[in-house]
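To start, the structure itself, in structure tokens.
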There are 2 protein chains.
Amino acid sequence: MATRTDAPTRREQILKEAARLFAERGFHGVGVDEIGAAVGISGPGLYRHFAGKDAMLAELLVGISGSLLTGAKQRLKEADGVAPEAVLDSLIEGHIDFALDDRPLITLHDRELDRLRDTDRKLVRQLQRQYVELWVEVVRRLYPELAEPAARSAVHSVFGLLNSTPHLARPGALPGRATTAALLHRMARGAFEAAGAR
Amino acid sequence: MATRTDAPTRREQILKEAARLFAERGFHGVGVDEIGAAVGISGPGLYRHFAGKDAMLAELLVGISGSLLTGAKQRLKEADGVAPEAVLDSLIEGHIDFALDDRPLITLHDRELDRLRDTDRKLVRQLQRQYVELWVEVVRRLYPELAEPAARSAVHSVFGLLNSTPHLARPGALPGRATTAALLHRMARGAFEAAGAR
DNA sequence: TCACCTTGTTAATGAGCGTTAACGCATTTC
DNA sequence: GAAATGCGTTAACGCTCATTAACAAGGTGA
């Protein structure tokens, strides 16, 4: 059986470093030589693992969108029959975990989508849309007086709020992960509450 | 005397189109020929008006940060002695106006900062910092129990919320500007309220 | 009328960069 | 032990693209 913490494969190393570099300086702003150097091989050696630079970005973005959606579906399934408040809390918690633990990916997620080939972009958009709709349903269950377009706008805005962490500061400048997570959570709930008020 | 609505100068046309294109496809993703074509001249003709592509981006970003800061200072001055609630409302209103009316600029604002030359980047960062600190002061006046780091995080998060509009949809898909503005305003206030709660 | 500045144009230059070619060397497989 | 395969390397190619050169034409002022 596979151990729970395998040594990261080359592909995974590359993806991780590529994500960091893309987030820092943009897809067009980083060269393949840099990505190679970041994992200790140089330039064209990457082509043993990926078809090209585009392929790395595509795999990253599809992976992100897929993870978010899968995680949310999982949380919805586990929280079957509980209060809608708790379901929303669970979604928020999941998104915060992601935003705090995978900052580069969150940055890429809404910044480099347009650099994808048509087919990949459509796939990512579809996954994102499903994720949003899933939130919208939960939000409207909790605030039924909220019309659907408004609910969708509210969800997007809360994403903006939660995804703001990358802009916050250098790695260590936050007041502690738990504190930050709690603050973000309170604010997200407060924003929805205010959106649902008439 | 100059009429109130002068014909836009060439420089202004160029800046406007460049902002739109940069926001759509990223600084590195758009070529000078495209920018030229967007204003009816071609490629190198731009160099009669700007020192280079970098200079356009620099002027845009410095302009944005400056406008935001100047506007906020103005609002603070006008709202001297009124309730802190009203002051915060005024800041929020100003930021929303900006986010809704100058979407491309808002997008550039937190996306392409790293493409600037050192000196320009420092200037923009300084303007941004002043803008944030100004909000932090107002927020802490309204919620004194909020510690300064938390207040700063909260302000950044609300910026994320307010700046989410560009991601929302194609131009016309929003439920009307006034409605959207009101929703964003309520959510921002709700988020701060929740942040200030113990 | 004649210089001159403004604002364009197209052609050339030169750097950067993604990608492919050609080759080397462990390690595995039969 | 030989062949194949995985995973690197460096060198070369070709394209894109910002920038500069060289030149043109319209308007303005002496």
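Each chain gets a letter, A, B and so on, in the order the sequences are listed, and its residues count up from 1.
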Output one line per pair: protein atom, nucleotide atom from nucleotides 6-12 of chain C, and distance, for all N/O pairs under 3.5 Å.
residue : atom : partner : partner atom : Å
C:dG8   : OP1  : B:R10   : NH1          : 2.5
C:dG8   : OP2  : B:H49   : NE2          : 2.7
C:dG8   : N7   : B:R48   : NE           : 3.0
C:dG8   : O6   : B:R48   : NH2          : 2.2
C:dT9   : OP1  : B:S42   : N            : 3.2
C:dT9   : OP2  : B:S42   : N            : 3.0
C:dT9   : OP2  : B:S42   : O            : 3.3

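No engagement by B:V39 is indicated, since no non-hydrogen atom pair under 4.0 Å with the nucleic acid exists.
Relative orientation of the A:F192 and A:W135 rings is tilted, given thresholds of 30° and 60° on the angle between their planes.
When rounded to the nearest whole Å, the span between CG of A:D33 and C1' of D:dA12 equals 14 Å. If you take OH of B:Y47 and P of D:dA18, they are 7 Å apart, rounded to a whole angstrom. If you take CG of A:D54 and C1' of C:dG18, they are 9 Å apart, rounded to a whole angstrom. One can place NE2 of B:H28 at 11 Å from P of C:dG18, the figure rounded to the nearest angstrom. If you take NZ of B:K53 and P of D:dT16, they are 15 Å apart, rounded to a whole angstrom. Straight-line distance from the CD atom of A:Q13 to the C1' atom of D:dG8: 14 Å, rounded to whole Å.
There is no side-chain donor-acceptor pair under 3.5 Å between B:E17 and B:Q13. For A:H95 and A:N163, the side-chain atoms include at least one donor-acceptor pair closer than 3.5 Å.
Note on A:E133 versus A:R129: no salt bridge recorded, every NZ/NE/NH1/NH2 to OD/OE distance being 4.0 Å or above.
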